[in-house]
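Only one structure is covered here, and it is reproduced in the block below.
All chains are named by letter (A, B, ...) in the order of the sequence lines, taking the proteins before the strands, and each is independently numbered beginning at 1. Keep in mind the model is a prediction, meaning the values are calculated, not measured.
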Amino acid sequence: MEGSESASDKQRPWQSYHTVYTNAKAGMEGVDKEKVQRVVYEMSKGSKYFENEERKEAFIRQKIEHMRVRAAKLSAADLSHYQKVAEKRILELEATRELSRIWLHVDMDAFYAAVETLSNPSLKGKPMAVGSMSMLSTANYEARKFGVRAAMPGFIARKLCPNLIFVPTDFNKYTYYSGLTREVFRNYDPNFLAASLDEAYLDITRVCKERGITGEEIAEELRSRVHEETGLTCSAGVAPNRLLAKVCSDINKPNGQFVLPNDRMAVMTFISSLPIRKIGGIGKVTENILKGVHGISTCKEMLQKGSFLCALFSRSSADFFLSVGLGLGGTDTPEARFRKSISSERTFSATEDAALLYQKLADISEMLSADMQKEGLSGRTLTLKLKTASFEVRSRAVTLQKYICSSDDILKHASNLLKAEFPISLRLIGLRVSHFNVDKGDIPVDPTQKTLTKFLIFGDYPKRTGDDQSSFGSDLSDLHFMNEKETSISLDSHRTGHYEFGAPFERNHLLDIDDSNCISYENACEMDKTGELFSHKTAATVKTDDVEERSAKSPKKELSRVSEDDSSVQRESEDSNTDRSNKESSASGNEDDHKLFWVDDYKCSLCGTELPSSFIEERQEHSDFHLAERLQEEESGTGSNALIPRQRVMPKEYVGNQNRRKKHKPSPAKVKHLPIESFFAKKSGQKL
DNA sequence: GCGGATCAC
DNA sequence: TATGGTGATCCGC
């Protein structure tokens with residue numbers, strides 16, 4: 001709390017080394033925190049990493065000090081003004097309170113570790129962690145007793161717990177078991193939100209009503225069904241909104257649940273003593289700032305210090321903090337979103353050898369390009385991320401005139417960005433592409449395109465009423481629940497599980513519609529990315545526009561000036577846009593291929609699926625799918641592995657489970673003539 | 001639009 | 001020996 005070094009810091013310097021993993025977590029109750037803290041400090045001390053952490057800490061202390069000064073400078077008039085502002089905002093927020101919905105958050109217990117124990121029962125009862133000597137994904141509860149936990153480097157964990165068993169991550173196992181849990185979830189809310197492989201949010205309002213039972217009973221039943229289906233335990237939280245449900249699921253972890261009734265008083269009581277760090281979106285830094293500047297450590301104090309919050313933070317931040325104080329957050333049904341960027345990065349042993357660094361850059365370009373091709377993405381902003389040998393992170397970006405996706409294009413521009421940084425010693429290089437051309441998909445000839453797209457892709461699940469916070473609350477709900485990232489800590493070894501089929505999610509989901517409850521293991525991976533993630537989607541652009549409008553800072557209408565380096569503007573004879581999978585299909589004229597698919601400008605010549613010519617994106621994706629299929633066949637014929645889904649083999653340990661899978665998701669070829677109307681039928685006829 | 005930072009998993 | 005990878009958002013230029 002105190003900004004400067006105290007006497008005890010000098011005697012016990014580890015006390016001032018703040019790490020993310022000293023934060024209390026489930027299963028860490030009986031841990032000797034002091035000892036853990038000391039060991040972590042001792043193991044880290046003197047390293048480059050440690051020095052960087054100290055720099056960052058110092059910077060935050062400075063920031064806090066600066067904010068304190070600003071707060072102290074507020075005049076009485078200022079304060080009274082902001083007090084009124086805060087009171088008004090609190091009233092407005094309170095008016096959005098929604099207590100008619102019941103949300104359930106499920107969180108698998110030590111998921112990766114539990115799955116590993118399932119496939120190797122001899123691990124049972126022994127301290128074990130999933131990950132490497134460099135970094136752990138998670139630890140089982142036996143290991144947590146020693147202070148070992150996720151995000152901790154393995155070599156420190158081993159110091160804390162010399163008998164710790166290390167198990168390498170096997171992402172496919174987790175994806176498979178995640179699929180099993182999701183089949184259970186689907187029975188309670190077909191539109192549940194998957195937050196990650198091991199977490200999900202379910203709106204159980206309807207199922208409670210239909211069956212005339214309480215949220216508590218649903219939670220019990222759901223957890224036991226998850227256990228029956230997977231052999232894994234999970235914890236659940238039931239509350240009137242997602243933010244609270246998430247907090248609740250943590251309370252009786254592992255293998256427990258906690259129910260917060262839909263009652264305003266209950267919510268306020270619950271929230272009042274709750275440490276702010278428990279709230280999703282408030283991390284180590286925000287906690288430090290709120291505590292250091294305003295002495296805030298519980299949610300209740302957010303309201304008490306409302307005037308300061310309104311005075312010192314942006315409107316959206318202040319709104320978020322105040323709503324936390326009120327126990328609001330996430331009762332609407334967020335619709336699906338499209339990804340906004342795609343990236344690839346790798347850590348390696350630090351080097352300043354330019355040739356080596358360029359080689360790394362080329363590798364990353366290849367990986368990124370391959371990922372982009374798989375999803376049919378191309379974008380016009382390229383961002384280079386660097387981490388120096390001293391752990392300093394930098395980024396450099398260009399926005400180009402044309403959309404790029406080939407590794408050559410990526411490498412060309414990335415090299416220009418990197419060139420300017422020499423000499424430099426790096427331990428990480430990353431590349432990200434954003435500003436996709438697909439989100440320009442609003443231009444289609446047919447103005448209803450957007451609606452239709454969403455509808456086709458997502459089956460247009462029944463809209464729920466009671467969208468609170470619609471006026472400004474997008475900020476609030478947006479802070480959470482949009483992240484469907486796999487959380488694997490994947491080192492160079494595996495690009496597993498992700499988007500295996502090279503099929504954009506839209507198409508997969510479209511095909512899913514006919515068979516939505518049946519996921520085969522082979523398709524479980526894509527289901528991850530394609531199903532839940534994007535099945536609750538709405539125009540993210542609406543929100544973005546809203547925000548930009550409100551902040552109204554920069555004149556948006558400036559001419560599209562491009563910051564592309566002029567050297568690279570050399571136009572090769574580019575046939576504009578259809579270059580998505582150019583690299584892969586270089587042998588055969590790609591553009592022609594796309595045209596060939598559509599017989600009479602209506603039907604797919606390969607599988608009979610009908611798509612009117614105005615369904616531009618859908619057609620593109622559909623064609624891409626067939627192309628990808630063909631490429632896979634070709635590639636497997638030649639024995640190259642480049643495009644072959646690597647994880648389609650059922651690992652031996654769950655061969656027995658395979659029978660549970662009812663059906664396979666049909667490939668386009670199996671869907672024989674899926675008429676347009678059937679999509680509409682699904683819309684209204686969606687059951688459960 | 002860029003770059004730094006924070007956060008979640 | 002050794003401290004990850006992916007994606008999103010926000011803020012201040």
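- Closest to the side chain of K340(A), from the set dT9(C), dC2(B), dG4(B), is dT9(C).
- Distance I342(A) CD1 to dT6(C) P: 9 Å, rounded to the nearest Å.
- Distances from the side chain of R277(A) to the nucleotides dA8(B), dA2(C), dA8(C) place dA8(B) closest.
- You'll find that the side chain of E345(A) is closest to dG5(C), out of dT6(B), dG4(C), dG5(C).
- Take F50(A) and apply the ring-ring contact (aromatic ring centres under 6.0 Å, His included) test, not counting sequence neighbours, and it matches Y17(A), Y41(A).
- Between F166(A) atom CZ and dT1(C) atom P there is a gap of 14 Å when expressed in whole angstrom units.
- For the C1' atom pair drawn from dC7(B) and dG4(C), the interatomic distance equals 15 Å after rounding to whole Å.
- When the nucleotides dC7(B), dT6(C), dT9(C) are ranked by their closest atom to the side chain of K284(A), dC7(B) comes out on top.
- The residue T286(A) sits close only to the backbone: its heavy atoms come under 4.0 Å of sugar-phosphate atoms, none of a base.
- Among the atoms of the strands shown, none is found under 4.0 Å from any heavy atom of R432(A).
- Residue L428(A) is in sugar-phosphate contact alone, with no base atom involved, counting any heavy-atom pair closer than 4.0 Å across all strands shown.
- If you check every strand for non-hydrogen atoms under 4.0 Å, K387(A) touches sugar and phosphate atoms only.
- Between the side chains of Y49(A) and E54(A), no donor-acceptor pair of N or O atoms lies under 3.5 Å.
- Taking atom NZ of residue K385(A) and atom P of nucleotide dC2(B), one finds them 18 Å apart after rounding to whole Å.
- Counted by atom type alone, T233(A) and D109(A) present one or more donor-acceptor pairs between their side chains at under 3.5 Å.
- Among the protein residues, S317(A) comes within range of the sugar-phosphate backbone only, with heavy atoms under 4.0 Å from sugar or phosphate atoms but none that close to a base.
- The CZ-C1' distance, from R339(A) to dA8(B), rounds to 16 Å in whole Å.
- Residues forming a ring-ring contact (aromatic ring centres under 6.0 Å, His included) with F313(A) (at least two apart in sequence, or on another chain): F321(A).
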